[in-house]
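First the structure, in the form of structure tokens, and then the observations on it.
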Amino acid sequence: MSKRQISGESGVLSVDHTLCSGTGHCVDRLPQLFTIEHGRAWLADAAALSTVDTQHLHEVEAGCPWFAITYQPRPPAPAEESSPATPGLE
Amino acid sequence: MSDTPPTPHAPDDNLRFKPYTAKAAWPWQDLAADRATCPVAYSAELDAVQVTSYSGVKEALLRHDALSSTYSDLWPLDEPLPEHKQVLGASDPPRHTRQRRLLVKALSASRIQHMRPFSERLADDLVDEIIATGPVFDLVTAYARRMSEGHVAELLGIPSGERDAFARMAQLFEASIEDRANHGFSAELNDWITHLTELVRSRRAGEDTGDDLITQLCLAEVEGDRFDEKEIAALIQLLAGAGISTTQQAIVNLVYLLDTHPQQRTAYLADINGLTTSLVNEGLRFDGPVLGLWRRCLKPTTVQGTRINVLDKVFPVVAAANHDPEAYDRPDEFVIDRDWSALPPHLSFGHGIHYCVGMNLALLELQVAISTLYRRLPGLRTVKGCEPRQMPGPVVRSWPTLSMEYDSPAGVRNT
């Protein structure tokens with residue numbers, strides 16, 4: 001089943017069907033993630049967002065002439081607190 | 001071995017596409033010959049790099065980072081357009097992105113579908129008038145132009161008292177294309193910017209409000225800032241001018257195609273409901289309203305591995321791409337029942353960030369205009385001896401007039 005939104009470790013990718021006109025610029029760039037059905041772009045159910053370089057996700061968002069695609073990168077997990085350095089030993 | 005990509009051939013006088021000096025009524029054979037010679041070649045006729053393959057045109061239209069859209073109005077220019085005239089198809093990001101964002105919602109497929117009842121009523125009214133005035137008429141002035149003007153006026157919210165004047169402005173664009181040497185009606189079109197700027201001021205002052213696109217553009221804000229008055233005026237002018245002329249041309253081109261392909265016309269009349277969508281796609285592929293688009297190279301780049309130098313003019317020939325045998329089987333045959341779900345999209349709406357923002361409106365207009373016309377006037381045909389001529393120049397495919405007649409009307413109104 002196709003979806004309008006998928007999420008993975010790198011973030012969330014979605015298609016806004018109120019804007020999408022189904023011209024397939026996304027399919028041209030990332031055929032492994034997008035399909036066109038009934039005149040709109042959909043995200044493949046089995047799509048593995050993690051297999052796609054985040055740069056390409058930003059490009060597919062910027063390349064949609066209808067501004068229908070949004071890629072929201074997941075913020076990096078906060079780093080574990082490390083022991084404060086001991087003054088004078090660096 | 002050098003890594004430097006090859007440059008296009010030296011200016012080539014032997015290319016056959018000659019839209020200024022010898023524009024062919026049907027240019028497909030000339031464009032095929034040029035594509036076979038070299039799909040990225042320097043044309044002496046155009047003084048530009050001419051791109052004629054499907055993959056090459058698509059690639060050139062995606063190179064918006066290097067190939068600027070700001071150096072052309074109706075003709076290629078030596079300097080970029082003044083900033084306020086850099087709108088939509090004549091602008092580059094980020095300015096283009098900001099403007100386009102304002103428009104996509106109002107012109108989205110889901111929103112435009114709501115205009116279908118209006119569209120059907122207008123087409124029916126125009127056919128009623130054609131029937132009332134007699135069996136011979138000019139398709140351009142009696143139908144295609146009025147269909148196109150009516151949709152743009154409705155969408156933009158042009159005041160009823162100004163609709164004829166707006167239509168006249170759109171015709172100035174067309175008339176100007178024919179008058180390259182004198183830059184056509186540039187002065188009058190500039191006066192229109194002044195008039196439209198006053199309209200923007202009036203809407204912003206709340207003197208005249210509505211839920212139309214002009215008002216939405218006037219009141220739109222991006223991060224708290226409104227758009228410059230002249231920028232909005234130029235946007236309105238472009239939407240009205242380009243929106244009216246291109247769809248009008250697409251309607252006329254498609255009717256003339258059906259007229260010159262009687263077997264396809266017969267097939268269409270036998271299944272109007274089932275074939276209209278694929279017919280319109282095929283019409284736009286075979287003879288869309290745009291032959292090609294101007295670009296100017298602002299930083300070194302390549303198209304199909306061929307180097308494009310800074311300040312080179314580039315002319316992706318959309319019409320040639322649409323007839324490339326690498327993209328379409330039997331490219332020079334007009335086949336109204338192609339399965340478009342299995343074909344690459346035609347490039348008549350462009351490709352990339354400048355993809356025609358009015359596509360959904362244009363498709364609705366075309367589908368309703370053509371299906372209504374043939375349902376109600378199935379005996380439609382060009383008047384015997386009518387041999388239309390193409391408007392000169394490299395940018396448009398347009399039959400400025402098309403004299404038509406019909407046998408007895410048969411179909412009833414949509415509504």
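Keep in mind that this is a model prediction, so the values were computed, not measured. In what follows, every chain begins at residue 1, and chains take the letters A, B, ... in the order their sequences are listed.
Side chains of B:Thr301 and B:Arg63: a donor on one and an acceptor on the other come within 3.5 Å. At a cut-off of 3.5 Å, with distance as the only test, no side-chain donor of B:Asn281 or B:Ser278 sits close to an acceptor on the other residue. In summary, the side chains of A:Trp66 and A:Thr23 do present a donor paired with an acceptor at a separation below 3.5 Å, with no hydrogens or angles considered.
A:Glu61 has no carboxylate O lying under 4.0 Å from a charged side-chain N of A:Arg29, or vice versa, which leaves the two without a salt bridge.
Contact count versus chain A (heavy atoms, under 4.5 Å) is highest, among B:His351, B:Lys58, B:Arg111, for B:His351.
Heavy atoms closer than 4.5 Å to chain B are found nowhere in A:Asp16, neither backbone nor side chain. For a residue to count as touching a neighbouring chain, one of its non-hydrogen atoms must lie under 4.5 Å from one of that chain's; by this rule A:Cys64 does not touch chain B. Neither the backbone nor the side chain of A:Ala68 comes within less than 4.5 Å of any heavy atom in chain B. If you measure heavy-atom distances from B:Ser341 to chain A, you find no contacts under 4.5 Å at all.
Checked by atom type and distance alone, the side chain of B:Asp92 never pairs as donor or acceptor with a backbone atom of B:Ser68 at under 3.5 Å.
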